Amino acid sequence: MPRYAKAKNLVTTLVDKTAKMIEQGTLKPGIRLPSIREAASNNSVSKNTMAEVYDRLVGQGYLTSKQGSGFYVNINRSSTAHRAAPKQAEALSIVSLLRHQLKQDHDIRVGDGRLPFDWVEGSEVGAFFRNPKSLKDTNLKDGYGSPMGYRPLRELISLTLAERSITATPDQILMTNGANHALDLVIRHLLLPGDTVLVDEPGYYPLFGKLKLENINMIGVRRTEDGPDLDDLADKATRLKPKMFFTQSLAQNPTGSTITIATAHKVLSIAEQHDMYVVEDDPFADVMTQSLPRIATLDQLERVIYIGTYSKTLSANLRVGYLAARPDLVAALCDLKMITMVSSSEYGERLIYNLMYKGHYVRHLRRLKKRIDKARNDVLNVLDGLDFQKVHQPTGGYYCWVQLPDGIDEAQLVQRANEQSIFLAPGSVFSLDKDSTDSFMRLNIAHAAHPTFIAFMQEILKK
């Protein structure tokens, strides 16, 4: 390894080590750290390396520098973590898994929500991302662009939705910064603090965080092999008068289950009976069969708000998603989008338009589906050799939901995996039912057949 690369690794290691000591309280707020010379000697590094470590910690807000006095643990940073409002702290606790996903500091990412880099950004469309000449339509003369989003892309999305038997004009489609932004707009516009909503149980944990942050009362609806438990849904809709039901019909996260046409019909009937919106999040639509049942297909966007994204199939960094709904609702959500963030990124939207228009996206999806199918089969074979119980047979998407054998403590399992640089997604994060004694885990099919993970679980199961 070149000398400068070794120095960079040392800097990163020392920064992470010191930051962790500050976060854990080992280094107290206001304490003075050793001088650069002393710290360099203690850590067997050069003074230049140690100076860069301190500079980075100052830049990240962990330390403050006092001229002629030295470096001190930042009092303000240490105290801000304790000033969060109760609901904000609760929301942040719910999405702790997301924080670990974004840090990308594990070698084996069995609990990750996305596919490996070389399957998407680094795949066959990677050259397109890296070559600006591929974008023939990049003359942004309109400043921020339309708040509705790039119209040619909305026109292509309209055609895509028609293939799913969902009729939506381009004016019924609002571009967003990913599916999470779409969910956020819906929550802000249609819900008030104290309102009750229904969600999948287990379900999409970032949604739980958003609802907690807005002080919305969440009630879980049991997820079955065929979609939401209809008796549970009907009972809670009758008793609790919820304003909305958030669900994923296809390859649901985390269970991988897909709704049947009969269940979709009944869900819509219950929603109509109780005057309840249905928010149907469909993140894996582009790698699923277009003809599969969707609630939006039955409803034609009267009370269903349909959400899509390109984060799962292209790149989450593009932050491009969309929602489709009634024209009046889309207009109101567009106004809210303008108030909160003016517009979405037309650069990203034009890039995706070019990918689709020139046929790159179709070819990419064709190869991606083959990879996904092979990975799913490999993981199912692995599970047959371990003492795992598949709760649902995965029908598509990227996940398999398994129940851990009796006697395995979920928290201890995650900690032991972390020590071996294995990132797991514990089932408790996806659940509102904190009283359950059963333990589950969401497996990403692209990583769960890794030999290191298999060996790790075999050792755990032996003990």
Side-chain angles (χ1 to χ4, degrees), residues 1-109 111-112 180 205-206 208-210 212-213 316-317 410-426 428-429:
M1 181 184 293
R3 183 178 301 172
Y4 74 88
K6 290 182 179 179
K8 290 295 181 185
N9 285 340
L10 280 172
V11 169
T12 301
T13 300
L14 289 172
V15 167
D16 290 345
K17 175 184 175 182
T18 309
K20 186 175 181 180
M21 292 172 70
I22 293 172
E23 290 175 349
Q24 294 179 342
T26 306
L27 293 175
K28 303 296 184 184
I31 192 173
R32 182 179 182 274
L33 268 62
S35 68
I36 290 176
R37 181 189 298 274
E38 184 180 353
S41 175
N42 292 342
N43 291 284
S44 301
V45 298
S46 69
K47 288 189 293 183
N48 286 341
T49 296
M50 204 64 225
E52 184 174 349
V53 170
Y54 277 2
D55 285 344
R56 287 197 191 182
L57 289 165
V58 170
Q60 294 173 21
Y62 287 101
L63 303 181
T64 57
S65 174
K66 297 182 181 180
Q67 185 70 31
S69 179
F71 295 88
Y72 295 79
V73 176
N74 191 343
I75 296 175
N76 293 326
R77 180 183 178 97
S78 301
S79 60
T80 52
H82 303 288
R83 294 203 297 263
K87 287 298 175 184
Q88 182 179 354
E90 197 171 358
L92 291 173
S93 175
I94 287 174
V95 297
S96 59
L97 182 66
L98 182 60
R99 185 183 303 114
H100 286 291
Q101 290 194 76
L102 296 176
K103 286 176 71 175
Q104 298 281 323
D105 54 0
H106 293 77
D107 294 334
I108 302 162
R109 307 189 59 77
D112 215 337
N180 274 286
Y205 71 93
F208 298 168
K210 294 178 191 301
K212 280 286 185 183
L213 195 61
N317 279 328
E410 183 183 273
Q412 291 182 8
L413 177 66
V414 172
Q415 179 58 36
R416 291 188 62 179
N418 185 61
E419 292 168 359
Q420 298 191 31
S421 198
I422 301 172
F423 171 54
L424 299 182
S428 58
V429 178

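Small disclaimer: the values here were computed from a predicted structure and weren't measured. For the single chain, residues carry numbers from 1 onward in sequence order.
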So, taking the atom named [atom1] in [X] and the one named [atom2] in [Y], what distance separates them when rounded to the nearest 0.5 Å?
X	Y	atom1	atom2	value
Leu33	Leu27	CG	CG	5.5 Å
Met50	Leu10	CE	CG	10.5 Å
Leu424	Asp112	CG	CG	11.5 Å
Gln415	Asn418	CD	CG	5.5 Å
Lys47	Glu38	NZ	CD	13.5 Å
Thr18	Leu57	OG1	CG	5.5 Å

If you take all heavy atoms of [X] and [Y], which pair is closest and at what distance?
X	Y	value
Ala39	Pro34	N-CB, 4.1 Å
Val414	Pro426	CG2-CB, 3.9 Å
Ala40	Ser46	CB-O, 3.7 Å

Sorted by first residue and then second, give each ring pair (Phe, Tyr, Trp, His ring centres under 6.0 Å) pair with at least one member in residues 32-51; sequence neighbours left out.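 Qualifying pairs: none.
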
Tyr54/Ile36 under side-chain contact (heavy atoms from CB on, under 4.5 Å): CA gap, chis, key distance, verdict: CA-CA 8 Å; Tyr54 277 2; Ile36 290 176; 3.8 Å; yes

Quick check: does any side chain N or O of Arg32 sit under 3.5 Å from a backbone N or O of Ser69, one acting as donor and the other as acceptor?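 The answer is yes, because a donor-acceptor pair under 3.5 Å joins these two groups.
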
Check: Thr49 side chain, Val45 main-chain N or O, donor-acceptor pair, under 3.5 Å: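 No; judged by distance alone, with no hydrogens or angles, the pair does not exist.
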
Partner set under side chain to side chain donor-acceptor pair (under 3.5 Å) for [X], not counting sequence neighbours:
X	result
Ser44	none
Ser35	none
Asn43	none

Does [X] reach the side chain of [Y], with side-chain heavy atoms less than 4.5 Å apart?
X	Y	result
Tyr62	Asn74	no
Lys210	Asn180	yes
Thr12	Arg56	yes

Check whether Phe71 forms a cation-pi arrangement with Lys66 (NZ or CZ under 6.0 Å from the six-membered ring centre, at most 45° off the ring normal).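 That pair does not qualify as a cation-pi contact.
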
Who pairs with Gln24 by side-chain contact (heavy atoms from CB on, under 4.5 Å), at least two apart in sequence or on another chain?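 Checked Gln24 against side-chain contact (heavy atoms from CB on, under 4.5 Å); matches are Lys20, Thr26.
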
Under the side-chain contact (heavy atoms from CB on, under 4.5 Å) rule, collect the residues that match up with Ser41, sequence neighbours excluded.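 Ser41 satisfies side-chain contact (heavy atoms from CB on, under 4.5 Å) with no residue once adjacent residues are dropped.
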
Would you say that more than 12 heavy atoms from the other residues, nucleotides or ligands in this model lie under 6.0 Å from the CZ of Arg37, or not?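 Atom CZ in Arg37 is not crowded, with 12 or fewer foreign heavy atoms closer than 6.0 Å.
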
